[in-house]
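Throughout, protein chains are lettered first and strands after them, A, B, ... in sequence-line order, and every chain is numbered starting at 1. In what follows, every heavy atom counts, from backbone to side chain, and hydrogens, waters and symmetry copies are set aside.
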There are 2 protein chains.
Amino acid sequence: MDSESGYLESHDHSNCPAEVALRVMQGRWKLLIIRELAEGVRRFSDLQRSLVGVSQKVLTSQLRELEADGVLDRTVYPEVPPRVEYALTERGQALLPVLEGLHAWGQGLQSPS
Amino acid sequence: MDSESGYLESHDHSNCPAEVALRVMQGRWKLLIIRELAEGVRRFSDLQRSLVGVSQKVLTSQLRELEADGVLDRTVYPEVPPRVEYALTERGQALLPVLEGLHAWGQGLQSPS
DNA sequence: CTGAATCCGACGAGATACTG
DNA sequence: CAGTATCTCGTCGGATTCAG
């Protein structure tokens with residue numbers, strides 16, 4: 001298996017894992033969602049309060065997409081009133097170091113004169 | 001707790017460096033452009049041949065955006081016929097390890113079952 | 001409280017034609 | 001060869017309304 005320099009090796013256009021990974025995080029609020037969940041479990045209303053300006057529809061859809069991508073877990077407690085909790089999965093936690101890398105690189109973008 | 005992890009610390013919604021970094025790479029062809037340039041200098045026509053399906057307009061605009069973001073350099077040789085070469089900048093090279101991280105994480109997405 | 005359904009505007013990207 | 005100029009279309013995010 002040649003899995004050393006994976007990025008440069010796989011010359012498959014539409015399905016490069018790096019592109020897939022990018023798509024997972026693309027979305028106006030996904031990074032913020034992940035950052036919130038990195039600090040612990042959150043309820044839907046918690047997220048909506050933290051992510052100032054997000055609408056329910058968009059928050060819901062981005063949460064569903066992240067769930068489908070295995071980044072977070074959605075737990076429904078059948079109570080009244082309903083309670084739903086979101087938490088990062090193992091895979092979601094594995095994403096955090098990658099985001100640190102992005103963050104570090106992004107900082108270098110602003111500095112120069 | 002820890003003040004070393006930059007990503008979790010900066011609670012600025014619209015300007016998180018990680019978001020900025022993501023935006024730089026977002027675009028249907030940008031990752032592929034970077035991958036091509038990672039292997040060496042390329043001319044416009046080289047890129048268009050490698051990135052099967054891209055139109056001139058889109059390729060041009062994505063190249064211009066990457067240039068504006070300091071990822072690549074554009075060198076025009078005033079000849080006839082015209083010749084333009086694109087190459088990664090230092091900053092662009094610094095992006096490669098980050099993409100490796102994305103690539104590695106992205107591979108974990110497909111494996112299940 | 002959580003979320004579905006609908007309508008809308010903005011933007012990215014493709015197709016095509018034209019130019020120095 | 002390496003672009004620019006239009007046009008179109010699909011998708012995404014936002015606002016609002018309704019529902020379990």
Side-chain angles (χ1 to χ4, degrees), chain A residues 13-16 19-37 40-69 71-87, chain B residues 13-16 19-37 40-69 71-87:
Chain A
H13 273 201
S14 30
N15 261 341
C16 171
E19 290 217 14
V20 174
L22 267 190
R23 291 205 156 241
V24 169
M25 316 177 214
Q26 277 156 16
R28 177 73 178 78
W29 303 95
K30 289 190 181 175
L31 241 45
L32 300 175
I33 292 170
I34 291 169
R35 188 169 60 189
E36 278 299 312
L37 295 185
V41 176
R42 292 288 186 275
R43 300 181 53 173
F44 187 88
S45 50
D46 292 331
L47 292 171
Q48 192 166 25
R49 220 173 303 113
S50 301
L51 281 51
V52 182
V54 72
S55 68
Q56 279 130 347
K57 176 206 165 191
V58 173
L59 179 53
T60 300
S61 78
Q62 308 230 336
L63 284 169
R64 289 291 150 82
E65 290 176 18
L66 288 172
E67 186 192 6
D69 287 326
V71 174
L72 56 80
D73 266 332
R74 178 172 176 268
T75 307
V76 181
Y77 297 89
E79 310 168 346
V80 176
R83 187 169 108 243
V84 178
E85 289 186 346
Y86 295 90
Chain B
H13 272 199
S14 30
N15 261 341
C16 172
E19 290 218 14
V20 174
L22 267 190
R23 292 206 154 239
V24 170
M25 317 178 215
Q26 277 156 15
R28 176 74 179 76
W29 303 95
K30 289 190 182 175
L31 240 46
L32 301 175
I33 291 170
I34 292 169
R35 188 169 60 188
E36 278 299 311
L37 295 185
V41 175
R42 292 288 187 273
R43 301 181 52 172
F44 187 88
S45 50
D46 293 331
L47 291 171
Q48 192 167 25
R49 219 173 304 113
S50 302
L51 282 52
V52 182
V54 72
S55 68
Q56 279 126 347
K57 177 205 164 193
V58 172
L59 179 55
T60 299
S61 79
Q62 307 231 336
L63 283 169
R64 289 290 151 82
E65 288 175 19
L66 288 173
E67 186 190 8
D69 287 326
V71 174
L72 56 81
D73 266 332
R74 178 172 175 268
T75 308
V76 181
Y77 296 90
E79 310 167 346
V80 177
R83 186 169 110 241
V84 178
E85 289 187 344
Y86 295 90

Tell me what Gln62(B) touches on the nucleic acid: a base, only sugar-phosphate, or nothing, going by heavy atoms under 4.0 Å.
sugar-phosphate
Nearest-Å distance for atom pair CG/P, residues Leu59(B) and dA13(C):
12 Å
Any Arg74(B) side-chain nitrogen or oxygen under 4.0 Å from OP1 or OP2 of dG3(D)
yes
What is the distance from CG of Leu63(B) to P of dC1(D), rounded to the nearest Å?
16 Å
Beyond-backbone contact of Phe44(A) with Thr60(A), side-chain heavy atoms, under 4.5 angstrom
yes
Picking from dA13(C), dC1(D), dT2(C), the nucleotide nearest the side-chain atoms of Ser45(B) would be dC1(D)
Could you tell me whether the side chain of Leu66(A) reaches within less than 4.5 Å of the side chain of Lys30(A), counting heavy atoms only?
yes
Between Gly27(A) and Arg64(B), whichever has its closest DNA chain D nucleotide further toward 5' is Arg64(B)
Taking CZ from Arg28(B) and P from dG10(D), how many angstroms apart are they, rounded to a whole number?
17 Å
Whether Arg43(A) contacts dT2(C) is assessed here as follows: a side-chain N or O lying under 4.0 Å from the phosphate OP1 or OP2. Is that the case?
yes
Rounded to whole angstrom units, what separation is found between the CG atom of Leu51(A) and the P atom of dT2(C)?
14 Å
Looking at dG12(C), I'd like to know if its phosphate oxygens (OP1 or OP2) sit under 4.0 Å from a side-chain N or O belonging to Ser61(B).
no
Using the side-chain heavy atoms of Thr60(B), tell me which of these nucleotides is nearest: dA13(C), dA2(D), dT4(D).
dT4(D)
Are Trp29(B) and dG14(C) close enough that a side-chain N or O sits under 4.0 Å from OP1 or OP2?
yes
Distance in angstrom units between Phe44(B) CZ and dT4(D) C1', rounded:
11 Å
Which nucleotide sits closest to the side chain of Pro82(B): dT17(D), dC1(C), dA2(D)?
dA2(D)
Quick one: Ile33(B) CD1 to dA13(C) C1', roughly how many Å, whole number?
13 Å
Per Ser55(B) side chain, nearest of listed nucleotides dT2(C), dG14(D), dT16(C):
dT16(C)
Position toward the 5' end of DNA chain D (nearest nucleotide), Arg23(A) or Gln56(A)
Arg23(A)
Within the structure provided, determine whether Arg28(A) and Val58(A) are in side-chain contact (heavy-atom separation under 4.5 Å).
no
Got Tyr86(A) and Ile33(A) here, is their nearest side-chain heavy-atom distance under 4.5 Å?
no
Give one of base, sugar-phosphate or nothing for Val84(B), where a contact means two heavy atoms less than 4.0 Å apart.
sugar-phosphate
Send over the distance from Arg83(A) CZ to dG3(C) P, rounded to a whole Å.
13 Å
May I have the distance from Gln26(B) (atom CD) to dC11(C) (atom P), rounded to whole angstrom?
16 Å
Which is more 5' along DNA chain C, the nucleotide nearest Gly53(B) or the one nearest Lys57(A)? Just name the residue.
Lys57(A)
Check whether any side-chain heavy atom of Gln56(A) lies under 4.5 Å from a side-chain heavy atom of Leu59(A), and answer yes or no.
no
Are Glu19(B) and Leu32(A) close enough that some pair of their side-chain heavy atoms sits under 4.5 Å apart?
yes
Sugar-phosphate, base or nothing in reach of Tyr86(B), heavy atoms under 4.0 Å
sugar-phosphate
